[in-house]
Asker: 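Pasting a structure here, questions to come.
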Amino acid sequence: EDDPWVDSVIFSGDISLGYLEVFADDITVNDDVHINTGEDDIYFRQRLIGVSTFENLSPVLVTDREVSVDIGMNAVLEGGSIYIVLQAEDQSFSDVIGANKEVSNFIIDPLTGLLENALALPVKVLVKQSRAEITLQQGAQILGDGTVGLYATATADASGAAVSSLVSIGYVHADAEAIVDIQDGVVIEAGDAAVITATGSATASISSSTTRELSSTPNPGSAQVALSIGVAYGTVTSHVTVAEGASITAGKTANVFAT
């Protein structure tokens, strides 16, 4: 859930149980802790989603979405299939409601474009930051009889417009970081497939326009002046680090990539 409060779960001692599913912004498994679900699955799920279509209508907005999983030194996760899925994302209204391409292109996008133009002000400042990080500390073990999946996805979208009849100024900044850090001595074993991915995407787009007409309020002096400034800045960091001495073993396929 996307809210101002950070939800955290900490595993401080060994547990043995059936199916385990955890939803929180930050999940920590302390050093030397052993979590065992037998043949059942382990599912760590962090999901912070913002609807950029409406957020970006604000004249001034700063967002910072961050989710993380930290598996401590020599900690062990053991079970059937093990999934660690992190999402810190800005999504469009179409994506959130699952609208198809035709509905999005011919209905939703034109309507939101009209709304953006109607609400545009002379100043637009958007700073959107998203970060998703999975850390497996030295000696940690992820042992799954089925599939082992580690997924970190971060998406930031800062797009807007500034409109005025005299001066318009727009600044947008989108920063996305998706990181999977597998440290020395980590062991990942999957009976089926092992999938480790980091996916980052940042969009920074600003339209700044100033229109002078005969009916516009004149500025002092005989020469009429119109000023329009727009600055867009975007950064993306997406990487999977597998340290020397770490091992990834899969019964079927092993895929490790960053995009």
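Bear in mind the structure is a predicted one, so any value in this text is a computation, not a measurement.
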Asker: Could you give me the CA-CA distance, side-chain angles and deciding distance for Val125 and Val123, then say whether side-chain contact (heavy atoms from CB on, under 4.5 Å) is met?
Answerer: CA-CA 7 Å; Val125 177; Val123 176; 4.2 Å; yes

Asker: Check residues 228-236 and write down every donor-acceptor pair under 3.5 Å in which the side-chain atom is one partner and the other belongs to a residue at least two apart or another chain.
Answerer:
| residue | atom | partner | partner atom | Å |
| --- | --- | --- | --- | --- |
| Ser228 | OG | Ser168 | OG | 3.1 |
| Ser228 | OG | Ser208 | O | 2.8 |
| Ser228 | OG | Ser208 | OG | 2.8 |
| Ser228 | OG | Ser209 | N | 3.4 |
| Thr235 | OG1 | Asp175 | OD1 | 2.7 |

Asker: Checking side-chain contact (heavy atoms from CB on, under 4.5 Å) for the pair Gln137/Asp70: CA distance, chi angles, key distance, verdict?
Answerer: CA-CA 7 Å; Gln137 295 190 35; Asp70 186 5; 2.9 Å; yes

Asker: Specify the closest pair of heavy atoms between Glu78 and Ile42, including all atoms of both residues, with the distance to one decimal.
Answerer: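 Shortest heavy-atom separation between Glu78 and Ile42 comes out as O-CD1, 3.7 Å.
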
Asker: Looking only at heavy atoms, which two atoms of Gln46 and Ser68 are closest? And how far apart?
Answerer: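 Looking at all heavy atoms of both residues, the shortest contact is NE2-O, 2.8 Å.
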
Asker: Under 4.5 Å between any side-chain heavy atoms of His239 and Ile179, yes or no?
Answerer: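 Yes, at least one pair of side-chain atoms sits under 4.5 Å.
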
Asker: Any salt bridge (charged side-chain N to carboxylate O under 4.0 Å, His left out) pairs touching residues 90-107, not counting sequence neighbours?
Answerer: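 Those involving residues 90-107 are Arg65-Asp90, Asp90-Lys128.
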
Asker: Closest approach of Gly80 and Thr37, non-hydrogen atoms and distance?
Answerer: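 Taking every non-hydrogen atom into account, N-OG1, 4.2 Å.
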
Asker: Quick one: does Thr197's side chain get under 4.5 Å of Asn255's, heavy atoms only?
Answerer: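 No, every pair of side-chain atoms sits at 4.5 Å or beyond.
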
Asker: Which atoms form the tightest heavy-atom contact between Gly200 and Ser238, and what is the distance?
Answerer: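 For Gly200 versus Ser238, the nearest heavy atoms are N-OG, 3.7 Å.
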
Asker: If you look at every heavy atom in Asp32 and Asp14, which pair is closest and at what distance?
Answerer: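 Heavy-atom minimum between the residues: O-OD1, 3.8 Å.
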
Asker: Do Ile10 and Asn30 pass the side-chain contact (heavy atoms from CB on, under 4.5 Å) test, and can you show the C-alpha distance, the side-chain angles, and the key distance before you say yes or no?
Answerer: CA-CA 7 Å; Ile10 300 174; Asn30 285 349; 3.7 Å; yes

Asker: Lys252 side chain to Ala194 main-chain N or O, any donor-acceptor pair under 3.5 Å?
Answerer: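 Absent.
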
Asker: Report yes or no: do Ile15 and Phe44 belong to one cluster of Ile/Leu/Val/Met/Phe/Trp/Tyr joined by side chain heavy-atom distances under 4.5 Å?
Answerer: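 Ile15 clusters together with Phe44.
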
Asker: Should Leu77 and Val22 be counted in the same cluster of Ile, Leu, Val, Met, Phe, Trp and Tyr side chains packed under 4.5 Å apart?
Answerer: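 Yes, one cluster joins them.
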
Asker: Applying ring pair (Phe, Tyr, Trp, His ring centres under 6.0 Å), which residue pairs with at least one partner in residues 131-158 are found, sequence neighbours left out?
Answerer: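 Found none.
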
Asker: Linking I/L/V/M/F/W/Y whenever any side-chain heavy atoms sit under 4.5 Å apart, do Leu61 and Leu57 land together?
Answerer: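 Unlinked, Leu61 and Leu57 end up in two clusters.
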
Asker: Give, for atom CD of Gln141 and atom OG of Ser247, the distance between the pair rounded to the nearest 0.5 Å.
Answerer: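 So the CD of Gln141 and the OG of Ser247 are separated by 8.5 Å.
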
Asker: Distance check, rounded to the nearest 0.5 Å: Ser92 atom OG versus Asp157 atom CG?
Answerer: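 Here the rounded value is 8.5 Å.
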
Asker: In Å, rounded to the nearest 0.5 Å, how long is the span from CG of Asp7 to CG of Leu48?
Answerer: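 CG of Leu48 is found 8.5 Å from CG of Asp7.
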
Asker: Is Asn36 reaching over with its side chain to a backbone N or O of Ser16, donor-acceptor style, under 3.5 angstrom?
Answerer: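 Here the side-chain-to-backbone pair does not exist.
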
Asker: Measure the shortest side-chain to side-chain distance between Val76 and Ile35 over non-hydrogen atoms and say whether it is less than 4.5 angstrom.
Answerer: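 Contact flag for Val76/Ile35 side chains = no.
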
Asker: Other residues, nucleotides and ligands only: do more than 12 of their heavy atoms fall within 6.0 Å of CD on Glu21?
Answerer: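 Yes, enclosed.
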
Asker: Rounded to the nearest 0.5 Å, what's the gap from CZ on Arg47 to OG1 on Thr153? Could you check?
Answerer: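 Result: 11.0 Å between the selected atoms.
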
Asker: What distance separates Arg131 CZ from Glu177 CD, expressed to the nearest 0.5 Å?
Answerer: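 That separation rounds to 4.5 Å.
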
Asker: Got Ile206 and Tyr171 here, is their nearest side-chain heavy-atom distance under 4.5 Å?
Answerer: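 Contact flag for Ile206/Tyr171 side chains = no.
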
Asker: Would you check if there is a donor-acceptor pair between the side chains of Thr155 and Glu89 at a distance under 3.5 Å?
Answerer: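 Yes, a side-chain donor-acceptor pair sits under 3.5 Å.
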
Asker: If only atom types and distance count, is the side chain of Ser52 paired as donor or acceptor with the main-chain N or O of Gln91 below 3.5 Å?
Answerer: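 Confirmed, Ser52 side chain pairs with Gln91 backbone.
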
Asker: Can you find a pair of side-chain heavy atoms, one from Val240 and one from Leu150, that are under 4.5 Å apart?
Answerer: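 The answer is no; the side chains never approach within 4.5 Å.
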
Asker: Do Phe11 and Leu20 make a side-chain contact, defined as non-hydrogen atoms from C-beta onward lying under 4.5 Å apart?
Answerer: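 When only atoms from C-beta onward are counted, Leu20 and Phe11 do touch, with a gap below 4.5 Å.
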
Asker: What distance separates Glu189 CD from Leu143 CG, expressed to the nearest 0.5 Å?
Answerer: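 Going from CD on Glu189 over to CG on Leu143, the span is 5.5 Å.
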
Asker: So if I apply the side-chain contact (heavy atoms from CB on, under 4.5 Å) rule between Ile84 and each of Ile27, Ile134, Val148, which one comes out positive?
Answerer: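 That would be Ile134; it is the only one of Ile27, Ile134, Val148 passing the side-chain contact (heavy atoms from CB on, under 4.5 Å) with Ile84.
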
Asker: Within the structure provided, determine whether Val242 and Ile196 are in side-chain contact (heavy-atom separation under 4.5 Å).
Answerer: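 No, every pair of side-chain atoms sits at 4.5 Å or beyond.
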
Asker: Provide the closest heavy-atom pair for Gln183 versus Val186 in the form atom of the first, atom of the second, distance.
Answerer: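 For Gln183 and Val186, the tightest heavy-atom pair comes out as O-CG2, 3.1 Å.
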
Asker: Test of understanding: clusters of I, L, V, M, F, W, Y form through side-chain heavy atoms closer than 4.5 Å, transitively. Do Val33 and Val9 belong to the same one?
Answerer: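 Hydrophobic grouping puts Val33 with Val9.
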
Asker: When clusters are formed by joining ILVMFWY residues with side-chain heavy atoms under 4.5 Å apart, either directly or through shared neighbours, do Val29 and Met73 land in the same one?
Answerer: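 Val29 does not cluster with Met73.
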
